[in-house]
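Notes follow the structure.
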Amino acid sequence: MNVMLVDSDNDNIKNFKTYIRRSFSECKIVGTFTDPNKDIIPSIQNYKPDLIIADIKFFGGVRFMRFMDIHSNFPNMRLVVYGTFNDTEYMRRARDFGVIDYMFRPVKPTELARCLKLALSQFKKDDVIRQQVKQQEQRSKDNISHYEGFFLRGLVEGHIINEDEILDGFSHFEIKLPQGYTVAIVHIDHFRQIALTLTESEKHLLIFKIYQATIEGMSEREALIFMINFHSVAIVMGGYSSIEEKVSFFDEIKQAIYEKTDTRISIGLGRTYDLITEINISYKEAMTAILYRNRIGYNSVIPLEFVEPNNHITYRYPSDREDRLVYMAVVGDYPYCKQVLTELFDSLAQSGYIPEGLISKILMNIVLRISRHISEQNIPVAMQVSKLFPTAEILAVKNLEDGLTVFDKALRSFCAYIRNYTEENHQRLFRAAKQYIDRLYKEQFSTAKMAVTLGTTPEHLNRIFKERERISLYDYVMRVRMDAARRLLSTTELPEEEICTEVGFEDVRYFQSIFKQYERVTPSEYREGKNDNQEVKS
């Protein structure tokens, strides 16, 4: 450990040097600094100490500014400071700036030894941590292709849609693709039947052979290639070419893969897009093209333009946002639903020509999904869906503006109805829970058992109680039991052991402890106080 000594008193410097050299062979004095009028930073840069031992008064009234400056420039370096008892608070506060301990003047050898041992221990720990970090960084580099695969799958599946985030990912993984992004999917034909004859190891080997053959076939093209699952490999290409050129090229790829793997494949092609944020759209199109094998035939190269030339909406439609709209409508969160509905219509507005009747079909599909989700959640309001979402008005929608107006109005009414229903249902559940506790508080209490009896969950029940009573379910039960205990203590001569049992406790000492916790007095003190009050009144 390299040590630098900082003090304007040369005798102190000399004594520290002598002791450290004689008693700590692990420590090496690499330099001293004795002029408080000079900037210490260049000396630290020159000596490169691991530890500085310094007189806190050396830094004068701006000591914390100096410590902050040193710590910000050398965050891995540590300091030990010393001063008088009057400096104790300053030395304690200096811990925020890399100071690991402090000593009092005159510094005793035992104190110096203690601080040096602490510093050595600290640096050993720091070294272990640094080694672990280096090992983790190396493992991360060794598995860079694994993380790149995560990134690429997130990109094509539409989980990463922010342009800056995509570009940062390309930079991190050193991905370079020219503009003009096309996704192709290489898919093993009749994989389900093939998989029946394969072990797990053989399935791994098959897709790896397809993957390797695809890489070899694409070697002269600028492309990203990665496995999606056991039966598919994705290709993200850069650059522009005609559909005919792509089909011809991928026909050759298809044949080359068959010759190398003895496996028939089909290849689906998405459209080519200028924007990097639209790679996921091309991916959706390529996946859809694969589905057309059922119509066109297996062992094919299928560009989406050949099978759906006019469909530019389906693949741009943010179905994940529709999912959120459905779920939050059933919760009754209108502001969130309004935001998501606006996003859906903005997406449709950017899709170009919209076929006649498509908007009303999309809206009716959302209504059906809301109705289905309500049924799945066992919420008995399904009959209200058709009343609150007027089918005739929705089917009559002709354009985006009318669709947004009609559906927003219906959504607002539906969410308000759901909120009212939920509030009434919560109130009924709250009353039922209170009745349950008032009736059965003497029995051993179980929130889970009570929740099952009332047809809900413990978490939901607790949440309702906290909203209405401002206390937890447990505290409410204790309050009911304490009310009963106070009543019995005031009106009967029953011993505390019997009262304990009467109000639902098994151990009298635990009952006494809980009673005092809630009432601030013991049961016997409470009873005595009540008796005294009665005597005064008489």
Side-chain angles (χ1 to χ4, degrees), residues 143-177 179-188 191-192 203-204 207-208 210-211 214-215 218 222-238 246 250 265-293 302-305 307-308 311-328 340 343-344 346-348 350-351 362 365-366 369:
N143 291 283
I144 190 71
S145 60
H146 183 66
Y147 297 114
E148 184 178 347
F150 279 142
F151 167 73
L152 293 174
R153 280 191 290 275
L155 173 63
V156 298
E157 291 172 3
H159 304 306
I160 305 172
I161 57 175
N162 179 272
E163 183 177 5
D164 289 338
E165 189 177 354
I166 296 171
L167 291 174
D168 286 344
F170 272 44
S171 174
H172 178 72
F173 295 110
E174 298 181 354
I175 296 171
K176 294 180 181 179
L177 281 181
Q179 191 176 37
Y181 308 103
T182 310
V183 177
I185 303 294
V186 176
H187 193 282
I188 299 173
F191 179 75
R192 288 187 179 180
K203 280 196 288 186
H204 280 91
I207 191 61
F208 187 73
I210 299 290
Y211 171 68
T214 304
I215 290 176
M218 298 292 299
E222 293 184 271
L224 307 171
I225 303 162
F226 56 99
M227 289 180 278
I228 305 171
N229 46 44
F230 277 125
H231 48 74
S232 300
V233 172
I235 304 168
V236 183
M237 293 188 299
K246 288 190 180 75
F250 278 107
I265 63 156
S266 292
I267 300 178
L269 297 179
R271 296 185 179 93
T272 300
Y273 291 96
D274 296 333
L275 301 178
I276 200 168
T277 52
E278 296 183 321
I279 287 175
N280 72 298
I281 298 172
S282 186
Y283 172 77
K284 290 179 185 178
E285 294 172 342
M287 292 295 285
T288 304
I290 286 291
L291 298 177
Y292 279 91
R293 291 174 305 167
I302 312 156
L304 190 78
E305 288 285 8
V307 290
E308 290 198 355
N311 186 354
H312 288 268
I313 296 176
T314 302
Y315 309 105
R316 292 178 178 274
Y317 184 71
S319 55
D320 61 321
R321 289 172 178 77
E322 183 180 293
D323 292 341
R324 286 185 242 157
L325 173 62
V326 171
Y327 298 144
M328 299 312 290
V340 176
E343 291 176 6
L344 288 176
D346 285 346
S347 175
L348 290 169
Q350 296 169 15
S351 299
I362 289 174
N365 179 62
I366 294 174
R369 291 190 62 197

task = Would you mind reporting whether V236 and I279 have side-chain heavy atoms less than 4.5 Å apart?
result = yes
Sub-4.5 Å side-chain heavy-atom contact between I302 and I267 = no
message = Working to the nearest 0.5 angstrom, can you tell me the gap between I265 CD1 and I185 CD1?
response = 11.5 Å
request  = Find the distance between CG (L325) and CZ (R321) and round it off to the nearest 0.5 Å.
outcome  = 12.0 Å
ask   = Between K284 and Y315, is NZ or CZ placed under 6.0 angstrom from the six-membered ring centre and within 45° of the ring axis?
value = no
Pair T314, N311: side-chain N/O donor-acceptor within cut-off below 3.5 Å = yes
inquiry  = Could you go through F230 and H204, starting from their C-alpha distance and side-chain angles, then the distance that decides it, and tell me whether this counts as side-chain contact (heavy atoms from CB on, under 4.5 Å)?
reply    = CA-CA 7 Å; F230 277 125; H204 280 91; 3.7 Å; yes
query = Taking all atoms of both residues into account, what is the closest heavy-atom pair of R316 and S347, and its distance?
reply = O-OG, 3.2 Å
request  = With salt bridge (charged side-chain N to carboxylate O under 4.0 Å, His left out) as the test, would you mind laying out the steps for E222 and K176 before giving the verdict?
outcome  = CA-CA 8 Å; E222 293 184 271; K176 294 180 181 179; over 6 Å; no
request  = Tell me, please, which residues at least two apart from I215 pass side chain to side chain contact (heavy atoms under 4.5 Å, CB included).
outcome  = Y211, I225
Donor-acceptor side-chain pairing of E278 and Y283 below 3.5 angstrom = no
inquiry  = Closer than 3.5 angstrom, by distance alone: can the side chain of R293 be matched with the main-chain N or O of I290 as a donor-acceptor pair?
reply    = yes
remark   = d(S232 OG, H187 NE2) to nearest 0.5 Å is 4.0 Å
task = Check whether any side-chain heavy atom of L344 sits under 4.5 Å from a side-chain heavy atom of P318, and report yes or no.
result = yes
key: Sub-4.5 Å side-chain heavy-atom contact between L269 and E305   = no
key: Contacts of type side-chain hydrogen bond (donor to acceptor under 3.5 Å, both in side chains), residue T272, not counting sequence neighbours   = T182, K246
message = Tell me whether Q179 contacts the main-chain N or O of D274 through its side chain, where contact means a donor paired with an acceptor under 3.5 Å.
response = yes
inquiry  = Among residues at least two apart in sequence or on other chains, which ones pass side-chain hydrogen bond (donor to acceptor under 3.5 Å, both in side chains) with D164?
reply    = none
query = Quick one: are N280 and Y273 in side-chain contact, heavy atoms under 4.5 Å?
reply = no
ask   = In Å and rounded to the nearest 0.5 Å, what is the CG to CD1 distance from L167 to I276?
value = 5.0 Å
Scan the side chains in residues 151-160 for donor-acceptor partners under 3.5 Å anywhere in the protein, sequence neighbours excluded, and list what turns up.
from	atom 1	to	atom 2	distance (Å)
R153	NH1	M227	O	3.1
E157	OE1	H159	NE2	3.3

request  = Evaluate the criterion side-chain contact (heavy atoms from CB on, under 4.5 Å) for residue pair L224 and I235; output intermediate values, then yes/no.
outcome  = CA-CA 6 Å; L224 307 171; I235 304 168; over 6 Å; no
message = Any carboxylate oxygen within less than 4.0 angstrom of a Lys/Arg side-chain nitrogen, looking at E322 and R369?
response = yes
ask   = CG/D168 to CD/E163 distance, rounded to the nearest 0.5 angstrom?
value = 10.5 Å
ask   = Do F250 and V186 touch side chain to side chain, with heavy atoms closer than 4.5 Å?
value = no
inquiry  = Just so I know, are the side chains of V183 and I281 near enough to count as touching, which here means a heavy-atom distance under 4.5 Å?
reply    = no
query = Is any side-chain heavy atom of Y181 closer than 4.5 Å to a side-chain heavy atom of R271?
reply = no
ask   = Mind checking what makes side-chain hydrogen bond (donor to acceptor under 3.5 Å, both in side chains) contact with R324, not counting sequence neighbours?
value = D320
query = Can you tell me if T214 uses its side chain to pair, donor with acceptor, with the backbone of V233 under 3.5 Å?
reply = no
key: Results of side-chain hydrogen bond (donor to acceptor under 3.5 Å, both in side chains) for S282 - residues two or more places apart only   = none
